[in-house]
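Excluded from the calculations below are hydrogen atoms, water molecules and symmetry mates; all remaining heavy atoms, backbone and side chain alike, are included. Here the structure is a predicted model, which is why all the values come from computation and not from measurement. Here, residue 1 is the first one in the sequence, and each next residue gets the next number. All ligand and atom numbering here is 1-based and tracks the order in the structure.
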Amino acid sequence: MTDIALKMPVGQTDNNRSNDPFSKVISSCSFVVDNARDVAIDDNALSHFARTMPRNGKVAWQFSGRHHYTGEESLTLRYVLCIGAINFGSGYAHDLIRSVPNSTYYTIASLLKDAVTRDPEIVSSQRLIALTMKEVRELFGQAGNDNPRATELMAQFRLSLNELGHWLIDRYDDDLDAVIDDTRSTHTMLQSLLRMKRFEDVSLYDNKQIYYYKRAQLLIADLARVGREFGWWNTVGLERLTIFADNAVAHVLRQLGVLVYSDRLAARIDAGEYLEAGERAENEIRAASVIAGNILQKTLAAERKWSTILEIDHYLWDVSHEPEFRRPSMRRHMCRTIAY
Ligand SMILES: Nc1nc2c(c(CN[C@H]3C=C[C@H](O)[C@@H]3O)cn2[C@@H]2O[C@H](COP(=O)(O)O)[C@@H](O)[C@H]2O)c(=O)[nH]1
């Protein structure tokens, strides 16, 4: 099998704040891209995409929508935090009963919206801590699903929601105003979220720690989105965010020719083989998504077409649901992980 010759060495980090968590994401993902054997970034395809990417910033900043709960401020905040804590399961897509076709995310988001609408107390910290498997399975529409993988995911959801309940009480004394205060800085909020072990989205590649922080960063973006709607919007440091490395963004970048997979990796994914969380190729896909997004953001800025990663990521993720990216011949990589 031919290994892909790397098309663009990117070993430079974009600033020298080495202990800054966002710089750690960029520098560690750069290391993976520079040493990758099965995934490369095609700089021509990336430049073409930078020139043609639709600019739908307004849509990217909306959180409210038919699948999301938005109502009373503190309840909306609790809802967003819960979604952030369980915003994974893409690798279980074929194991779940999904009420929203073709979207695990919107299935989970809309079922939690229904639950919160029926019983706002369900997202109180005490209830989150006490959630049982039976309740979680009912909450997310899997009560009648005897697929052991679905049960596995529900068990992971339960652990994440339990952890969120403890975090709210132990770290914030259940005071949501204190949480809102911390959303004013991406750096502060990231450090706070990383006190929850299940947000620690860090992998190992050639014995080096690789940082993604995907769900933590996505939750920060969602808190900024909701903050705009409730007027506590003034998050500083949003420009520090990196791509939220999941399988949908990588899938779209691959279909656009920006990510190029080796023949052997393409064969595995197109045959429906699941990747192991933390294996070389899974790291290479996620890291290349992050670095491609970083280069894209800098290219757009150089052309004075500023775009936050929040907007770039949202476009790539949102468009992954369009028919042109959902043809049967197009398979995204599948990985059972709590990272995405
Ligand atoms: N990179 C990135 N990954 C994201 C999101 C979202 C939803 N967020 C936005 C939605 C409306 C608001 O604007 C929210 O901001 C979910 N996911 C991931 O997708 C996977 C599920 O996908 P599917 O089964 O195909 O729906 C799962 O791993 C989940 O972790 C994002 O925005 N960016």
Point to revise | Interfacing atoms of ligand 1 (cut-off 4.0 Å, heavy-atom, His314) | key: 13 (O)
Practice item. Could you tell me whether ligand 1 has any atom less than 4.0 Å away from a heavy atom of His67? Key: no
**Study point:** Check ion pair Arg280-Glu284 (N to O, under 4.0 angstrom)
**Key:** yes
Check your understanding: Are Lys134 and Glu138 ion-paired here, with the side-chain N under 4.0 Å from a carboxylate O?
Key -> yes
Check your understanding: Between Gln62 and Arg228, does any side-chain donor sit less than 3.5 Å from a side-chain acceptor?
Key -> no
Check your understanding: Is Asp222 close to ligand 1, meaning an N/O of one under 3.5 Å from an N/O of the other?
Key -> yes
Exercise for review: Tell me which part of Leu218 gets within contact of ligand 1: side chain, backbone, both or neither, using heavy atoms under 4.0 Å.
Suggested key: side chain
Check your understanding: ligand 1 and Arg225, any nitrogen or oxygen pair closer than 3.5 angstrom?
Key -> yes
**Study point:** Residue-ligand contact His321/ligand 1, heavy atom below 4.0 Å
**Key:** yes
Check your understanding: Would Tyr340 and Asn87 count as having a side-chain donor-acceptor pair, cut-off 3.5 Å?
Key -> no
Review point. Do the charged groups of Asp270 and Arg254 touch, with an N to O distance under 4.0 Å?
Key: yes
Review point. For Gln217 and Thr242, does a side-chain donor sit closer than 3.5 Å to a side-chain acceptor?
Key: yes
Review point. Within the side chain of Thr235, is there an N or O that forms a donor-acceptor pair under 3.5 Å with the backbone of Ala224?
Key: no
Practice item. Can you sort out which atoms of ligand 1 are near Thr104, meaning under 4.0 Å from one of its heavy atoms? Key: 23 (P), 24 (O), 26 (O)
Check your understanding: Of all the atoms in ligand 1, which lie at a distance below 4.0 Å from a heavy atom belonging to Asp313?
Key -> 1 (N), 2 (C), 31 (C), 32 (O), 33 (N)
Study note, to complete from the structure: Taking only non-hydrogen atoms of His68 and a 4.0 Å limit, the atoms of ligand 1 in range are 11 (C), 12 (C)
Review point. Salt-bridged, Asp146 to Arg137, with N to O below 4.0 Å?
Key: no
**Study point:** N-O pairing of Arg195 and Asp170 below 4.0 Å
**Key:** no
Revision key, fill the gap. Among Trp317, Tyr315, Tyr106, Phe88, the residue with a heavy atom nearest to atom 6 (C) of ligand 1 is Trp317
Exercise for review: Within a distance under 4.0 Å of any heavy atom of Val249, pick out the atoms of ligand 1 and give their elements.
Suggested key: 1 (N)
Practice item. Counting heavy atoms only, name the option from Trp61, Tyr105, Phe63, Phe325 that's nearest to atom 8 (N) of ligand 1. Key: Tyr105
Check your understanding: Does Asp20 come within less than 4.0 Å of Arg240, counting only side-chain N to carboxylate O?
Key -> yes
Review point. Salt-bridged, Asp38 to Arg268, with N to O below 4.0 Å?
Key: no
Point to revise | Closest approach of any protein heavy atom to atom 3 (N) of ligand 1, naming residue and atom | key: Asp246 OD2, 3.2 Å
Study note, to complete from the structure: Note: ligand 1 atoms sitting under 4.0 Å from heavy atoms of Arg332 are 25 (O)
**Study point:** Atoms of ligand 1, numbered as shown, that sit under 4.0 Å from any heavy atom of Arg326
**Key:** 25 (O)
Study note, to complete from the structure: Atoms of ligand 1 under 4.0 Å from any heavy atom of Gln62, numbered from 1 in the order shown, are 13 (O)
Exercise for review: Report yes or no: does Gln217 have a heavy atom closer than 4.0 Å to ligand 1?
Suggested key: no
Review point. Counting heavy atoms only, which part of Ser103 comes closer than 4.0 Å to ligand 1: side chain, backbone, both or neither?
Key: both
